[in-house]
Amino acid sequence: MINKSQNLILCVLTSVFLSACGGGGGSGSTNSGNTSPPAPVPTPEPTPQPDPTPKFSAELITFYEQKVASAVVQASCISCHTSTGIAKDSGLALFIESSTNTLSEDNVEVFHSYASTSDGAQKLKDYPRGLNGHPGANALGNDPVIVQDFQEFVDLLTECTTDCATPTPDPDPEPIPEPEPTVLIPQSVKDSVAYTHFSDNIANPIIQGGDISKACSDCHSDGGVAVNQGAGLVFVKSNDAEHVVKNYLSFVSFLIDNTKPKYVLDKASATIGHAGGNRVPVDSKEYDDLSLFLTSLNNQVAFTENISSQVVLKKCIACHVSGGQAPNDGATLVFTTSEEPNHLALNHQAFVDYVSSDSQRLNLLAKVRGDNNHQGQVQFTSDTDEYVALSAYVDSLAQDNPNISKVEFFKDIQFDDNRATLKRAASILAGRQPTDDEYARVVGQTDETLKQVIIEDLMTGDGFHQFLLRGANDNLLTDLLLLDLDQVSSLKATDYNYPAYTNKLYSFKEDDVSWYNRRQYEIPLNYAITRAPLELIAYVVEEDKPYSEVLTADYLMVNEASNLMYKGLDEDGVDFSDAASRRPYLKESDIFLPTTDKGRYLSTGPGNAYENGDLDIPLFRPERATQANNMKQAGVLNTFAFLKRYPSTETNRNRARARWTMKHFLGFDIEASEDRTTDPVALADTNNPTMNNPACTVCHVIMDPLAGAYQNYNDDGFYRARNGGKDSLPWQYVFRLKDENGDNYYANNDTWYDERLMRAPGYFHPEQGAATPAPDNDHSLSWVADQIVDDSRFNTAAVQFWWPSIFGAKPVLQPEDGGSESQQMLFDAQSVFIQQLANEFKTNTSLNAQGQNVKVLLANMIVSDWFRATGSSIQSSNDDVRQTALLDVGSEKLLTPEELEFKTKSLTGFEWNTKVAGVTNLEKTNLTHEYNIFLGGLDSDSVTERSKEVSTLMANVTATHAVEASCEIVLNEFSKPAANRLLFSDVESTSTPESNETEIKETIKKFHHLFLSESLTIDSAELDFTYDLFVNVRDAKLARISDGKSVNINEEGTSCPGATNANSNDSNGIKSAWRAVIAYLMMDYKFNHE
Amino acid sequence: MLNRRQFIKFGASASLVSGVSSPFNVMAAQSAAPENFYVFFQVEGAWDVSSFCDPKINESDAEPINNWAVGKTAKDIGIAGNIPYAPWANNAKQFFDDYHQHMLVVNGVDSQTNSHNTGQIYNFSGRLAAGYPTVSALAAKAHGGDLPASYLSMGKYSETARLVRGNRLGSPSDLVNIINPNSAINAGSYFPDDDWLKIRNAHQARVARLNEAANLSPRQKFNRNLFQQAINNGEQLDALSDALSKTIDPSIDSSNSVRDQFYKKIDITLGCFLGGTSVSADISLKGFDTHSNHDARHKTRLEWLIAGITRLWEKAESVGIADKLNVVISSDFSRTPYYNSGNGKDHWPIGSAIFMKKNAPWGNRVVGATDATQNVIKINPATLQEDSSDSGIIIYPKDIIAASRQLFSVDPNDTIPFGLKENTILNLFDASAQTPQIYDPRNV
C-alpha cells in the first residue's frame, strides 16, 4: 500500500516533470501500491491545486521576472508605486509582497491593468524615462538594456490586452483514458545520484536481500511482520516488475514524513530497537551504501519540499537564471526556471555543485542574508523559515560531500577554566579582581553558573559602568565633542536654541562673570550633553532593558548640569535627590536619569526668538517662541552628541547620519556594500546622480530614505531650527534652489527636499527591495528607530557593536578578491558564531532576561571558546592558515589604557598622576591622557581604532609606569596597618629572607596570581626567579649602605612624589627589594595582556 | 665620568658575564642607519587641486570653478619651472618656486569613488578593499623592520597588515619622557642604576621564558613574540632624545590646534628619522572636507599643508637628512569644479598626487591632465601625451601607489605574503616626457 505521504510526494516529484499532478483534477494521480494483484487506487485528500487558468502567459511572466522585476520594479518603482507610497494614486500601485499570489503575477496584473487604460501603454513607456513630467524622474536610469527591456515588456503587455491567457481548458473535455497503473518517475530522477545509487546498491542487495541475510521486504511489505505492527516503511517484493521504482518512492515518502536518514540507519543496524535485528551492521559496505543513499535522497527531498518553490522560484530565479543579472555579474549559481521539466533535479544539482567547499556554503548563506556584496541584497533574513530551511539544506549538502574538509576551528586548542575565565572577565568588565567568594561559586560549576556570577557580580558598579561607556564610545566616538569646547562641542549654537542656556549666558554677561567662571559652567554642561547617548546605552544595559531601547527610548539622559537646560523655563525637571543613593559608586557628574527634552524653544516669530540685536550675545524673546512640544526622542539617534558627531551639510543631507546609523545599529556599512563603478563618466554625472544614475542609486536607494528620516534636525542637530519652527531645511534650498522652470523646489509646509531631488523619508526594507515611506513628517526618526529594531540585522549589529570590547579586536570583514585564506577561515567561523549569538540575543530569556539583554550577550561571549582559548597543541606546520586565523582569538589580548589603569588601581591603589584632562571634565591618568595614543588608545577624532599589538614605545610607557608606581606603592602599603593593605598583608618591611623566607615567597606567589594570573607552587622555578630578584636587589642595597650610601629608598637625589608622608627609611633593604619586584611584575607581559 | 645612560649600557654589557645566560640578555643589534626615509602626507577630507596643483580658471565667471579665478585668465596662472599652480594660498608661489625642481605633479588621477573611507583606502593603499597596508608600512617592513618604531602611523589610514607595528605618538615632550623609563624627567622617581639593571635583566629573561613556553595559542605566541621584540628594541631609542631636541619645537608642545598637531607630527617624524628609530611615516592633516564656506576654510588648510611640507624639507635640510627624504602627497580624491549653494565644494573623483625628492632627475614635471572642467584626459602610457584613442589610459590611485612603492624602494614580492595588484604600465619617473597642461601661462 502506498500511504498519503507517498501519494503526495509522487505529486511533488512528478508534477514538475509532467506539468501537473494528475492534470489538475487529481484524477490522473499516479497510482501506487502493488500492481499484482492490482490494488485499489487510494483517494487522496483534497490538496490545493494551482489555478487551472493562469491569466498570463508563462512567457510574459518569465520575461517580467527576468528583465523587469528586479531591474526596474524593485530598483525604482517600488519606492513610490505601492498602495501606501507617494504614487499610490497614480493608478499603478505595485505589490511589495503578496500572501495570496506570487509577486510576479500580481505585479504583471497591475501593469496589465494600467496598460489597458487609455494611453496607459504609452505612459508606461514614457514616464519611467522621466518624460511627461513623471514626478519620479528618470527611474529607468541610463542603462539602454534596461530601457529596452522595459519597453519590450510594455509591448508584451499590449499584445496581451487581447490575448493574455493561456488556452482555457475545454469545459467539456473528452474523457481521458485512465492511465496504465504504471509508476512513472521522470528520467531526471532516474539519472540522479540518489536513484542510481539506489538502483545499483540498495534495491536488490539490501531490500530484496541479495547481499544480506534477510531481505527488508520480507517483513516490510504487505502482510509482513513489520507492516502488521505498524511500520511506516513499506516495500514491494522483487516479483513486482517495478519494485525498484516503487521502493525508491517508499523511501521518498518515508523521509518526507520528517523521518531522518539516521533513524533508518539506526533501525537497520539495530542501534535502536529493531524487531528485525541487525540487518546492516555499521561497519559493513551495505551500511555505507544505505547511508550514502539516504542522505542523498534526503537532500533531494528537502530541496523539493522546502527550497524549490519557497526559495529558488520565489526569489533566486529573478536574477540567478541563464541570461539574468546574476550570471551577467559573474555569479556561478544559475538555476533553471519551472518551465523546464527537470528543474527540481537540475536546481538541486546546482546547489550540490555550488556547495563545493565549506566557505562556499557559508558564502551562499551570507549572500542570502545580503552580506558578501550580494548584488541582490537581502533575500531572507536569518530568522525567517526560508533561511532556516536553506541553512539546514546546504549544511546537509556539505556534510554529504566527502570532498569538503570540515574545518574544526578550535581543534587542538585549550581553554581557560572557570577560575581563569572569571579573572579575565572581572578585569575587563569590572576593572577589578574577583573575590574569593566569587571564585568559590564558579570553580567546578557549569557555564550557566559562571554566567550567572559574571552577570550578577561583575556587571555592576563603576567599573562596569565605565566599561559600557567605553565600549559605546569606541563605536559612536561621541567623546570627540569633549575635546575642544570652542571648536567642536555639544554646546555649539545651543545658545540660539535653548533659552535656559541663553538666559544663563546673558546673566553671566550682565553680572560680568569672568571667562574662567563661565567655563566652570560650560564644561560640565558640555560633558553632560555629550555623554547623554553613552549614558543611555549604559542605562538600558544596567537596568536590564531590551537593547532596542537604545533607539526607541522616548527619553534622554540628563545629569544635574544638563537638567537645568533640558527642563525648560518653568518646570522642575528631574529630581536627583535620591539618585546618588541608588548608585553610590558613581561620581555626581556620572549620575544620569531619564527625562524628556522640554528645553527646546522654536522661533515662531515674528522674528528670531534668540534675537541678537546690538548685543554681542543672544537674547531670548519669549514672545517670539514656543516650546517644541512635538519632539519625540528616538533613543541615541537624536541626542545632540550623535547628531553633532555626524553633522550634515546642505549637500550631505543627513546621509552621514544615515550611514553611521546603519553601521552601528544594522551592522551594515554601506560604503563597503557595493563595488563602485569604474566608469568615470558615471561618476562625473551631474544630473542628480543619486536619483538617476544607477552607479549611485544602488546605494542611495537604501541610504537616502533613512537620511530623510532625520529631516527635522538641522546640520547642527537642532529640531526644526529654521525661523518659523516648521522645518530644518537650509535657507539656500528654501529660497534659492530653482527647478528648470525657475520655480522654487520648496513648497510651504515642506519638511524635506522635493522628491525630484531626494527620496522621501522612510526605511529601506531589504527583503522587500524597497523603502517604506515614513507615515508622517513629525516623528519620522522615532518611526525609523522602530523599523530598525524590528530588522533582524539589529541583533547581529548588537553583537558586532560589543564584540571588540570583549575580544579586543573588531570582527573581521569578508575578505575581497585576493584576501587571505586565513581571513576567510576566520570570517566563516566568526560569522557562524555571531549569528548564533544574535539569534540567542534576540530572545534571550535566560537568567531572567526579557530578550535583547546585553548582559546575557556579554556573558555568552565570555563563556565561549572565542574568549577562553588559551593554549594550543596544534602541531602541524601546514596548519598555518588556521593559526593565523586564530591570532585575534582568546586570552592575552593587549590591555587598553583604560583597562590597564583600572587594573593597576584595583590591585595596588596606584593612579599615575590623576587630573582632569583639559576641558573634557574627565578624570584621567597619564595612562589614559598623556600616553593614551602611545598605548594604542583612541581619541575619538583622528585615532578611531585601538591598537592591538604592542610596540617598543608602548613597552617603554608601561615600564615607565612601573618604575614610577613601584616606589609609591611599596611605601604607602607599608605605612598602613597590615589589615588595610592591598598587597603586603602577610609581610612587614622588617620581614627579611633570613627571618621570613616562607612569608616572602608566599607573598611573591600571591603577587604572581594577582598581577600575572599565574598559579605557582612555592617551589616553582618561576617563583625562584622573582625571589632571586628580591634577594639580589636587597643585597645590592645593603652593599650600597655599607658603602656609605643613603639608607633611604630614594637614592641619587630621587624622590617618591606620591608617598612623601610615608616612611622611606630602608636600612634593611626590604622596601627596595619589594619595589623592584613590583616594578618587575608591572612591566611584565602578562600584566599588560589579559 | 659616565653619565647615567652610558653607565646603563656598560652595565648591560657587563651583565653578559655575570651569570645570566646569554639569551636572557638580548640587546637588539643596532640596525644600520637607514639609507632613506619615507613620508606619505595623507591630505584628509579631499583637497581642491583646482586651487593648487591642477589650476583651473573659470569658463564662466557667472558659474565659477574657483572664486579666486574670477576675472582671471590663463596668463594669471602661476608657473614654477614646468609646473603650473593656482595663485591662491598665500604661500603657494613660494612653495612651488622653491620646490618645483624636486617635485613631480600627477594630475587627472581618477579615484573612482566619492566616499571618504573608500577614497582613503584606495589612495593610501592602492586597493579598494580594506586590510591592505600603506606604502609607508611596506617601506618600514622593507627598510627598517628591526627598528624600534620603524613605522610612524600618524595617518588617517594606517593599516599594517601585521607586517610591522604601527606607532602612534602624542606630544614630543611625552615621547622624550619615556625614552628611558628609569629617568625622572617629570616624576623624580627612578631606581638606582644597579637595581634597574637587575630588573631589566630579570624582565628580559622572563620575557624570553614566556616566549619559549610550549603549547601557546596563536595569539599568545604572536603577542609574546611581539613583546619580546619590543623589549629588545628598547635600547635603540637611546639616540632619540638628542635627535628630538634638534627637531621639535617646545613652543607648540602643548598646543592642540590642528595646525600645531600637524607640525608636531612632522617634528617627531624627523626626530625619529634622525635618531635612527624610524624609517617611514604617514602624516595626515584633516579639515579639507569643505562642503560649505569652501574658500575661507580650504585656503587655510592648504596654507597649513604647504607650510608643513616646507617645514619638513627645511628641518630635514637643517639636520642633514634632506637628501634621504622621499615624499608623497595624496588625498581621498578632490572637490567639485563648481560651488554648491552653500559656497562649498562637494566630492569629485578626479584629483592629483605629488612626489618629491631632493634633486630628483624626474622633478620639475607634470604627468597626466584634466580638461577645463577637471575631467580626465587620457594619456598615452609611453609618451605621456594626451591620447584619446584606445591606447590612452587613465591614471588611477593604484598607479600612484605603484609609483610610490617604486620611490620607496619596496618590492612587494620581498615584503608581503599576499598580492597587491597595483601593477602599472606607467613610468611616472621617466624624466624624458611630461603631459601638457590646459592652463599653462607660457602658452598664452
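Just the heavy atoms: all of them, side chains too, but no hydrogens, waters or symmetry mates, feed the values below. Note on naming: letters A, B, ... go to the chains in the order of the sequence lines (proteins, then strands), and numbering restarts at 1 for each one.
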Is it the backbone or the side chain of [X] that comes under 4.5 Å from a heavy atom of chain B, or both, or neither?
X: A:T1026; result: neither
X: A:L886; result: both
X: A:E930; result: both

Which portion of [X] sits near chain A, non-hydrogen atoms under 4.5 angstrom:
X: B:K198; result: both
X: B:S171; result: backbone
X: B:N167; result: side chain
X: B:L169; result: both
X: B:H116; result: backbone
X: B:A202; result: both
X: B:N340; result: side chain
X: B:L210; result: side chain
X: B:L175; result: both

Checklist line | Within 45° cone of A:F1025 ring axis and under 6.0 Å: B:R209 NZ or CZ | finding: yes
Checklist line | Ring-face cation of B:R168 near A:F934 (centre distance under 6.0 Å, axis angle within 45°) | finding: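 Verdict for A:F934: no cation-pi partner in B:R168.
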Partner chain B: residue of [options] with the largest heavy-atom pair count (under 4.5 Å):
options: A:L1012, A:N652, A:V1077; answer: A:L1012
options: A:L813, A:D1084, A:N913, A:T958; answer: A:D1084
options: A:K893, A:Q414, A:R736, A:H961; answer: A:K893
options: A:P730, A:S951, A:A885; answer: A:S951
options: A:A965, A:A955, A:S947; answer: A:S947

How long is the span from the [atom1] atom in [X] to the [atom2] atom in [Y], to the nearest 0.5 Å?
X: A:L887; Y: B:N223; atom1: CG; atom2: CG; value: 8.0 Å
X: B:S115; Y: A:R659; atom1: OG; atom2: CZ; value: 6.0 Å
X: B:N343; Y: A:Q732; atom1: CG; atom2: CD; value: 8.0 Å
X: B:E44; Y: A:S942; atom1: CD; atom2: OG; value: 7.5 Å
X: B:N180; Y: A:N956; atom1: CG; atom2: CG; value: 8.0 Å
X: A:M1083; Y: B:F227; atom1: CE; atom2: CZ; value: 7.5 Å

Notebook entry, point to check: Highest number of heavy-atom pairs under 4.5 Å with chain A: which of B:V207, B:I121, B:V164, B:L237?
Noted result: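 Between B:V207, B:I121, B:V164, B:L237, the count favours B:L237.
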Check: Do A:T952 side-chain atoms and B:P148 backbone N/O form a donor-acceptor pair below 3.5 Å?
Finding: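 Side chain of A:T952 to backbone of B:P148: a pair is present.
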Notebook entry, point to check: Are side-chain N/O atoms of B:D346 and A:T651 paired as donor and acceptor at under 3.5 Å?
Noted result: yes
Item checked: Short side-chain donor-acceptor distance under 3.5 Å, A:S891 and B:Q220 ->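 Yes, because at least one side-chain N or O of B:Q220 sits under 3.5 Å from a partner of the opposite role on A:S891.
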Next item on the list: Mind checking side chain to side chain donor-acceptor pair (under 3.5 Å) for A:Y1085 and listing every partner two or more places apart, or none if nothing turns up?
Entry: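 Once residues adjacent in sequence are excluded, the partners of A:Y1085 under the side chain to side chain donor-acceptor pair (under 3.5 Å) criterion are A:E892.
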Checklist line | salt_bridge(B:D195, A:R1040) N-O dist < 4.0 Å | finding: yes
Next item on the list: Side-chain contact test, heavy atoms from C-beta onward, threshold under 4.5 Å: evaluate it for A:S1055 versus B:S189 and give yes or no.
Entry: no
Margin query: I need the full list of salt bridge (charged side-chain N to carboxylate O under 4.0 Å, His left out) pairs touching residues 943-956 of chain A, with sequence neighbours left out, sorted by first then second residue.
Written below: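 Qualifying pairs: A:D474-A:R946, A:K810-A:E945, A:D888-A:K948, A:E898-A:R946, A:E949-B:R162, A:E949-B:R165.
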